[in-house]
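All remarks here apply to the structure that follows.
Every value quoted in this text rests on a predicted model; they were computed, and no experiment measured them. Only heavy atoms go into these numbers, but all of them, side chains included; no hydrogens, no water, no symmetry mates. Per chain, numbering begins at 1; letters A, B, ... match sequence-line order.
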Amino acid sequence: MTNKNKGKQLLGKIGMYTLLFIGVIVSLFPFYWMFIGATNPSGAIFSIPPNLTPGGHFMENLRNLNESVGIWRVVGNSLFITLTFTILSVFICSMAGYAFAKFKFAGREFIFFMLLIAIMIPYHVTIIPLFRMMGSLDWINTYQAVILPNLAYPFAIFLMRQNMRSIPDSLLEAARVDGAGEFRIFFRVIIPTMRPALAAVAIFLFMFQWNNFLWPLVILGDPDMATIPVALSRLNGMSRIDYGQIMLGTTISTLPIMVFFLLLQKQFISGILGGSVKE
Amino acid sequence: MAKQATSPRRKWVTPKTVPYIFILPAVLLFIVFTLYPVISSLILSFQTSSGGVSSFAGLDNYRRLFNDPLFYRALSNTFIILIIQVPIMLTLAVILAVLMNSVLLKAKSFFRIAFFMPAITALVAYAIVFRMILDQNYGFVNYFISFVGIDPVPWLNDPFWAKVALIAAVTWRWTGYNMVIFLAGLQNISKDLYEAASIDGAGKIRQFFSITLPQLRPIFLFTFVLSTIGTLQLFDEPFILTQGGPNNSTLTISLYLYRAGFQNFDFNYASAIAYVLVIIIATLSWLQFKVAGDRDD
């Protein structure tokens with residue numbers, strides 16, 4: 001009886017691992033293919049049988065990529081836009097989240113409800129009026145045109161509110177009794193104690209903006225202002241594509257965020273889930 | 001202290017105003033960059049413009065939309081993708097989450113990270129990589145299946161296979177993300193339920209169907225609504241993978257909106273497309289919540 005059970009368990013285990021390993025290969029192979037491609041000349045990527053070993057063309061691909069899209073400028077644009085956006089947005093969303101979590105005020109439910117609805121509104125609805133707005137402000141091809149529209153990111157406000165609810169009221173009261181003003185409490189008490197939640201939301205916002213495509217594509221027509229995804233799509237649309245270049249481009253767009261994620265994955269995953277699927 | 005209390009800077013920061021000050025930046029940004037555009041878009045959809053002059057056009061844009069075969073094409077493409085892709089993805093995600101939650105599994109965090117990895121990459125980057133892997137003559141996938149004796153599949157050049165490729169790409173990207181959400185749900189199910197079931201002699205499969213699935217219902221709703229909204233807004237993948245082709249077989253509503261707005265610069269027509277999208281999303285979300293809500297009672 002126990003032997004039969006053990007045999008069954010072993011079989012189940014083998015089946016489970018086989019399934020998972022196939023899944024892992026499907027999941028990770030495109031990354032491997034991309035890294036390999038970044039180090040190979042265009043011809044070697046499209047060969048039969050497929051070339052699955054790294055080559056020595058990394059530097060040449062980099063030079064070509066810089067010639068065709070000015071990759072350093074593009075990376076700089078992406079970094080500047082993403083970092084500025086992340087810092088401002090974390091700040092704005094955590095302030096709002098804190099107010100929604102810890103204060104009672106007239107209109108609280110209504111305003112929060114509006115934000116929740118906004119999560120469901122397709123982004124596309126806003127891009128045409130936004131494009132016109134940026135046009136009349138003369139902000140097309142500017143950093144602020146990319147950064148400003150999503151700063152009050154409803155999902156981030158929602159996550160911050162969920163996380164801020166766990167702050168004990170006694171902590172706030174103690175600080176008030178000590179005579180601290182509300183802003184002082186926010187910056188000296190709330191922000192430090194909420195650091196893990198802030199980090200999680202920050203990673204989430206960073207990834208959103210780093211990978212953001214449609215809006216930057218619309219608003220950043222000038223190649224000098226392009227972010228990485230926009231520059232990549234431009235490369236992809238060229239009539240003669242140099243695949244070594246483009247693979248290096250995708251690698252440059254993916255690798256930093258991959259490393260970032262691997263370092264902070266625990267916080268990131270718990271941050272996404274932060275209260276959103278409880279109950 | 002006393003001086004501070006009377007300084008004008010302190011006066012407007014009272015217990016009553018504090019929450020409003022905290023939400024002010026977010027609310028202002030929200031009004032300017034979300035609320036205003038949403039309303040403005042609605043107005044635009046009821047106007048036409050020629051030579052820079054806008055005029056009220058009633059339902060003209062919507063009438064045109066409902067007589068536009070390309071719009072129906074985009075609509076049906078989007079729904080075909082939705083109906084096929086979301087169930088496949090959520091089923092895979094649940095299976096992976098259950099395996100991942102199994103006590104028998106070692107190296108859980110390795111698997112979790114590996115499956116989540118696709119969800120962090122830029123859509124543009126993975127769509128480009130997929131384009132190469134799926135190349136008809138030189139792509140890895142066709143080379144691989146040639147071992148099993150399958151002829152090369154025209155993944156991106158045939159209307160049917162282009163849809164399959166698009167569905168595969170979206171599934172690749174989002175399954176791990178949903179898996180993590182399901183995993184969180186699984187960890188909230190009380191162990192006692194399973195213990196009681198095994199004492200009653202219920203096998204693993206039976207337990208999965210009579211405990212795990214019913215307990216996961218709220219998570220299913222959550223992921224279902226998110227995936228529906230996501231699929232209805234599908235843009236990056238078809239834009240990069242196929243440009244909507246071949247023969248418009250992968251033209252999605254969002255891509256059609258982009259074409260109307262930013263290639264033909266017909267902002268009014270594009271706004272009407274956007275509003276049809278809003279109505280569809282609102283209706284579907286409402287239906288999904290209603291279906292789930294009714295069952296709860």
Interchain contact, A:Phe260 with chain B, by part (heavy-atom threshold 4.5 Å): neither

Determine the option with the most heavy-atom pairs under 4.5 angstrom with chain B, choosing from A:Ile119, A:Val230, A:Leu214. A:Leu214

For B:Met132 and A:Trp33, which heavy atoms make the closest approach, and how far apart are they? CB-NE1, 4.0 Å

For A:Met133, is it the side chain, the backbone, both, or neither that has a heavy atom closer than 4.5 Å to a heavy atom of chain B? side chain

Check A:Ile128 against B:Ala270 and note the closest heavy-atom contact, atom names and distance. CD1-CB, 3.1 Å

Contact origin within A:Val218 toward chain B - heavy atom pairs under 4.5 Å: side chain

Are the side chains of A:Arg132 and B:Leu44 in touch, meaning some heavy atoms are under 4.5 Å apart? yes

Using non-hydrogen atoms only, which part of A:Met207 is less than 4.5 Å away from chain B: side chain, backbone, both, or neither? side chain

Rounded to the nearest 0.5 Å, what's the gap from CD1 on A:Ile127 to OG on B:Ser254? Could you check? 8.5 Å

Taking every heavy atom of A:Ser233 against every heavy atom of B:Ile240, the minimum-distance pair comes out as CB-CD1, 3.7 Å

Using a cut-off of 6.0 Å, state whether more than 12 heavy atoms not belonging to B:Tyr143 lie near its atom OH. yes

Within the structure provided, determine whether A:Phe261 and B:Ile113 are in side-chain contact (heavy-atom separation under 4.5 Å). yes

Work out which heavy atom in A:Ala106 is nearest to a heavy atom in B:Tyr20; give both atom names and the distance. O-OH, 2.7 Å

Given a strict heavy-atom distance threshold of 4.5 Å, which part of A:Leu217 is in contact with chain B: side chain, backbone, both, or neither? side chain

Portion of A:Met247 that has a non-hydrogen atom of chain B nearer than 4.5 angstrom: side chain

What is the ring orientation for A:Phe131 with B:Phe262, classed by angle as parallel under 30°, tilted 30 to 60°, or perpendicular over 60°? perpendicular

Taking A:Thr126 for its side chain and B:Pro37 for its backbone only, find out whether a donor-acceptor pair lies under 3.5 Å. no

Could you tell me which portion of B:Phe115 (side chain, backbone, both or neither) has an atom closer than 4.5 angstrom to a non-hydrogen atom of chain A? both

About how many Å separate CD1 of B:Ile128 and OG of A:Ser253, when rounded to the nearest 0.5 Å? 8.0 Å

So A:Met95 and B:Ile21, do their side chains get closer than 4.5 Å, heavy atoms only? no

Would a distance-only check, ignoring hydrogens and angles, find a side-chain to backbone donor-acceptor pair under 3.5 Å from B:Thr121 to A:Thr254? no

Chain B: which of A:Ala152, A:Pro30, A:Ala99 shares the most heavy-atom pairs with it under 4.5 Å? A:Pro30

Hey, what do you get for CG (A:Leu262) to CZ (B:Phe116), rounding to the nearest 0.5 Å? 11.5 Å

What part of B:Ser271 gets within 4.5 angstrom of chain A, counting heavy atoms only: side chain, backbone, both, or neither? both

For A:Leu19, is it the side chain, the backbone, both, or neither that has a heavy atom closer than 4.5 Å to a heavy atom of chain B? side chain

Tell me, yes or no, whether the heavy-atom count around B:Ile279 atom CD1, taken from other residues, nucleotides or ligands under 6.0 Å, exceeds 12. yes

Any B:Ile229 side-chain heavy atom under 4.5 Å of A:Pro122 side chain: no

Against chain A, label B:Ser102 side chain, backbone, both or neither, depending on which of its atoms sit under 4.5 Å from a heavy atom there. side chain

Is it the backbone or the side chain of A:Ile117 that comes under 4.5 Å from a heavy atom of chain B, or both, or neither? neither

With a 6.0 Å cut-off on ring centres, are A:Phe21 and B:Phe111 close enough? yes

Tell me whether the count of non-hydrogen atoms from other residues, nucleotides or ligands lying under 6.0 Å of NZ in B:Lys108 goes above 12. yes

Does the side chain of B:Val129 reach to within under 4.5 Å of the side chain of A:Phe31, using non-hydrogen atoms? no

Part of B:Tyr126 within contact of chain A (heavy atom distance under 4.5 Å): neither

B:Gln233 side, atom CD; A:Ile121 side, atom CD1 - distance, nearest 0.5 Å: 10.0 Å

Please classify the contact of B:Val18 with chain A as side chain, backbone, both or neither, using a heavy-atom distance under 4.5 Å. side chain

Side chain / backbone / both / neither for A:Ile246 at chain B, heavy atoms under 4.5 Å: side chain

Among A:Leu115, A:Ile111, A:Ile157, find the one that has a side-chain contact (heavy atoms from CB on, under 4.5 Å) with B:Ile23. A:Ile111

Does atom CZ of A:Phe110 have more than 12 heavy-atom neighbours, drawn from other residues, nucleotides or ligands, at distances under 6.0 Å? no

Heavy-atom cut-off 4.5 Å, strictly under: side chain, backbone, both or neither for B:Lys16 against chain A? neither

Rounded to the nearest 0.5 Å, what's the gap from OH on A:Tyr17 to CG on B:Leu99? Could you check? 10.5 Å

Is the shortest side-chain heavy-atom distance between B:Trp286 and A:Met120 below 4.5 Å? no

Using modelled atom types only, decide if a donor and an acceptor are shared between the side chain of A:Asn211 and the backbone of B:Leu123 within a distance under 3.5 Å. no

Does the pair B:Arg131 and A:Asn236 meet the rule for a side-chain contact (heavy atoms from CB on, under 4.5 Å), with working shown? CA-CA 10 Å; B:Arg131 227 179 85 156; A:Asn236 186 57; 3.4 Å; yes

Looking only at heavy atoms, the pair that brings B:Pro19 and A:Phe105 closest together is CB-CD2, 3.2 Å

Contacting moiety of B:Met100, where chain A heavy atoms sit under 4.5 Å: side chain

Bottom line for B:Val27: the part with an atom under 4.5 Å from chain A's heavy atoms is side chain

Is there a side-chain contact between A:Leu151 and B:Phe33 (heavy atoms, below 4.5 Å)? no

Could you have a look at A:Phe186, A:Trp210, A:Phe100 and say which one has the most heavy-atom pairs with chain B under 4.5 angstrom? A:Phe186

Residue B:Phe144 versus chain A: region with a heavy atom under 4.5 Å: neither

What are the two closest non-hydrogen atoms of A:Leu52 and B:Phe140, and how far apart are they? CD1-CE1, 4.1 Å

When the ring centroid of A:Trp215 is compared with that of B:Phe235, is the distance short of 6.0 Å? no

Reported CG-to-CG distance for the pair A:Leu20 and B:Leu96, which is rounded to 0.5 angstrom: 6.5 Å

